[in-house]
J.: 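Pasting a structure here, questions to come.
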There are 2 protein chains.
Amino acid sequence: MGRNRATLADVARRAGLSKTAASMVLNGREGTRLSAEAHQRVFAAAEELGYRPNLAARSLRTRKTATIAFVSDIVATTRFAGGLIRGALDAARERDHVLLITETQGDATFEQYAIEAMLDRQVDGVIYAAMATRRLTVPPAILGGPVVLLNATSPDDLPCVLPDDERAGRTVTTALLDLGHRDRIALIGRNRLKEDDAEVSLAARARLRGVHRALDDAGVDLLTECFCAEWLPEHGYAAMRTLLGRPTRPTAIICMNDRLAFGAYQALAEAGLTVPDDISVVSFDDDPIAAWLRPGLSTTALPHEQMGRRAVEILLDGGGATPSLVPMPLRRRRSLAAPAG
Amino acid sequence: MGRNRATLADVARRAGLSKTAASMVLNGREGTRLSAEAHQRVFAAAEELGYRPNLAARSLRTRKTATIAFVSDIVATTRFAGGLIRGALDAARERDHVLLITETQGDATFEQYAIEAMLDRQVDGVIYAAMATRRLTVPPAILGGPVVLLNATSPDDLPCVLPDDERAGRTVTTALLDLGHRDRIALIGRNRLKEDDAEVSLAARARLRGVHRALDDAGVDLLTECFCAEWLPEHGYAAMRTLLGRPTRPTAIICMNDRLAFGAYQALAEAGLTVPDDISVVSFDDDPIAAWLRPGLSTTALPHEQMGRRAVEILLDGGGATPSLVPMPLRRRRSLAAPAG
DNA sequence: AGTAGCCGCTAAACTGATTTAGCAGAGCAT
DNA sequence: ATGCTCTGCTAAATCAGTTTAGCGGCTACT
């Protein structure tokens, strides 16, 4: 791997100058008094030798590595990680940085290990990502340098990037209201644990708040709210079935995420009902299945790439109001229609 | 990030020995003649100072970084990446290594950039991963050091890790044969492009070969094979519909992947048919939707974690037969039953 | 005439590890 | 007494950059 690369000394020699001069020219140092001709010679020599600096040597001196640690609790089990990583990767590349990835798996030992590995490698900063939007406490060891929380907040008020779930709650609700749905909108996916424990989820509470605010503004009440122990298809399915067993059938359903909506679709199909003619469905996340369902599920997209991007921007460029809320755009598909009758 | 850490010199001073001695002790060098007492003192000093070596300094000298580059074509757009990364991460951690991740997005410029970034950081080896199992040519620049292909092969016969798609083809087929399905098994998802162009996919051909071999061994012919332009739900849906328009209805369907199967499920539900009572369905990938479908879809799992793991093992420990084929286990769910009648 | 300042550049120190070469003293044989 | 080996350890070189301090020559000003 990278044997016999030209060194700065080689470049300097070929340019007939000192290492100092070569270093300054190549780093574009301001205020140096090296002649235009010296610049030329150095650039030419570097070009001819295909010179690339040895970053280990550089960071030994400068304590900068152009490397960002991306520490997450769980990457594998959720498809969402990909987007976060990709966004971060893109933004990092634009800034000539690279990503060192580790995973804690929610395990203290692994976390300790991951952090030591990062510190040993002198990363320039840490992105601490959670796969479910939630509050967490970051290990004190990483507070020595810049940190940005991704998809999480912490009690220490560290800079963080979050999806704007509350606004998304408003978005899905007004989408229904605008179509004329009124008092027969039902909600699937209330969940005490997610709503009350910020360390489990921030999304549930925020989404709900958005929904309720939008309804309040319009002076409309929900028909009913179904509790779900988890946000999985089977729970959406069960909730939808009980909903259909009630006397007044809803004209629209808001599901707290796409997996619940998927379950709801299954129950609707089984009951011989058609989306959106009989019931409109709207949801959150823009999981790939949302596009695969028939008809396509309208849902607010978790902007993972943007979030990953934003985290790197804040870390490296500094900046902005600190809970950086990234909008969740509504993906309109065929699951929405005006209420029948 | 990691200010004022103790250096080797600090440890040596505290132990009343030279840097040389301290270095040798901490690295557990054999054949050194340092006294047991010297060992003790160095360990104690390191412990007390919380010494951790500066890896930049170390790699400047040794040209080892305990870092592996994980280069992939596309990480974000596929949920599969997570598993590969997670497996690689685990195996790397066990060997005290860390993963540097980059993405080429199939773009030559990005690829060039990614490779330079890795070489500049003197990674110890490269895992070159493809998100769809396929053949690819690795850029010559990385051939200077150890490389393992993950989910890909190359014309250069580099060591590689692949899922055992052919065996999976046998597995799904014999699962049906064992239940008594015979001449009314249909296949959805033939695709010239995927089958004939190894740079697009190796899976299609291998799966198909497995299916055909298993059928041949049993002396059974397929009822029919449906072509699909893509392996997406809508194509599975369309294929299933045409299949149901034919005179003889199949008793079982083999789908080339789970997304096709998902589409097939949609068409079956629409036609009022029940899985598995009317038709059994089996497939490949173990996409999360497989578990969410009703009834659960039986499918052969792509062992992404294992593959990621294996790649690191081969890279670091060397070894084994070179196309390392990782088995795809059958996840039996409720979509399989004996043919009716 | 003296000196201050600028110009264009360089020598050498420094970062923190590993590694090579070798030194002082003890023990032993000749 | 001399030479040899072994023991336990260290000085110094090395990796490839960045950075500090400063040098010699020239001009300009007092």
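All values derive from a computational prediction rather than experimental measurement.
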J.: Quick one: side chain to side chain donor-acceptor pair (under 3.5 Å) partners of B/R135, sequence neighbours excluded?
T.: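 In terms of side chain to side chain donor-acceptor pair (under 3.5 Å), with neighbours along the sequence ignored, B/R135 is linked to no residue.
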J.: NA contact type, A/A56, heavy-atom cut-off 4.0 Å: base, sugar-phosphate, or nothing?
T.: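 The answer is nothing, as A/A56 stays clear of every strand by at least 4.0 Å.
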J.: Can you list everything that forms a salt bridge (Lys or Arg N to Asp or Glu O under 4.0 Å) with B/D197? Sequence neighbours excluded, please.
T.: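 By the salt bridge (Lys or Arg N to Asp or Glu O under 4.0 Å) rule, B/D197 matches no residue at all.
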J.: A/A88: what forms a side-chain contact (heavy atoms from CB on, under 4.5 Å) with it, not counting sequence neighbours?
T.: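 A/F70, A/L99, A/V312.
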J.: Have a look at B/L55 and say if it touches a base, only the backbone sugar-phosphate, or nothing, with a 4.0 Å heavy-atom cut-off.
T.: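 Nothing: the residue B/L55, judged by heavy atoms under 4.0 Å, touches no strand.
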J.: Taking any atom closer than 4.0 angstrom to a non-hydrogen atom of chain A, what span of DNA chain C does the protein reach, first nucleotide to last?
T.: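 With heavy atoms of chain A under 4.0 Å away, the range is C/dC7 to C/dG16.
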J.: Enumerate, atom names and distances included, each donor-acceptor pair closer than 3.5 Å involving a side-chain atom of residues 43-51 of chain B, sequence neighbours excluded.
T.:
unit_1, atom_1, unit_2, atom_2, d
B/E48, OE1, B/R14, NE, 2.5
B/E48, OE1, B/R14, NH2, 2.8

J.: Using the test side chain to side chain donor-acceptor pair (under 3.5 Å), find all partners of A/T109 that sit at least two apart in sequence or belong to another chain.
T.: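 Side chain to side chain donor-acceptor pair (under 3.5 Å) list for A/T109, sorted by chain: A/D107.
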J.: Where along nucleotides 15-23 of chain D does protein come under 4.0 Å, by heavy atom, of base (B) or sugar-phosphate alone (S), with - for untouched nucleotides?
T.: BBBBBB---
J.: For residues 21-38 of chain A, which residue pairs pass the salt bridge (charged side-chain N to carboxylate O under 4.0 Å, His left out) check, not counting sequence neighbours?
T.: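 As it turns out, the salt bridge (charged side-chain N to carboxylate O under 4.0 Å, His left out) pairs with a partner in residues 21-38 of chain A, which skip direct neighbours, are A/E37-A/R41.
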J.: Name every donor-acceptor pair, under 3.5 Å, that has one atom in a side chain of residues 313-327 of chain B and the other anywhere in the protein, sequence neighbours excluded.
T.:
unit_1, atom_1, unit_2, atom_2, d
B/E313, OE1, B/R310, NH1, 3.1
B/D317, OD1, B/R95, NE, 3.1
B/D317, OD2, B/R95, NE, 3.1
B/D317, OD2, B/R95, NH2, 2.9
B/S324, OG, B/R310, NE, 3.1

J.: Indicate yes or no: does A/D124 engage A/K64 in a salt bridge with an N to O separation below 4.0 Å.
T.: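 Judged by the 4.0 Å cut-off on N to carboxylate O distance, A/D124 and A/K64 do not form a salt bridge.
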J.: Would you mind reading off the distance between B/L34 atom CG and D/dC6 atom P, rounded to a whole angstrom?
T.: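 In whole Å, D/dC6 P lies 18 Å from B/L34 CG.
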J.: Checking A/S59 now: which residues fulfil side chain to side chain donor-acceptor pair (under 3.5 Å) with it, not counting sequence neighbours?
T.: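 Partners of A/S59 by the side chain to side chain donor-acceptor pair (under 3.5 Å) criterion come out as none, since no residue qualifies.
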J.: Could you list the residues that satisfy side chain to side chain donor-acceptor pair (under 3.5 Å) with B/E94, not counting sequence neighbours?
T.: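 Per chain and number, B/E94 pairs via side chain to side chain donor-acceptor pair (under 3.5 Å) with B/R309.
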J.: Between the axis at one end of the helix from C/dA1-D/dT30 to C/dT30-D/dA1 and the axis at the other (five pairs apiece), what's the angle to 10 degrees?
T.: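 Nearest ten degrees gives 80° for this helix.
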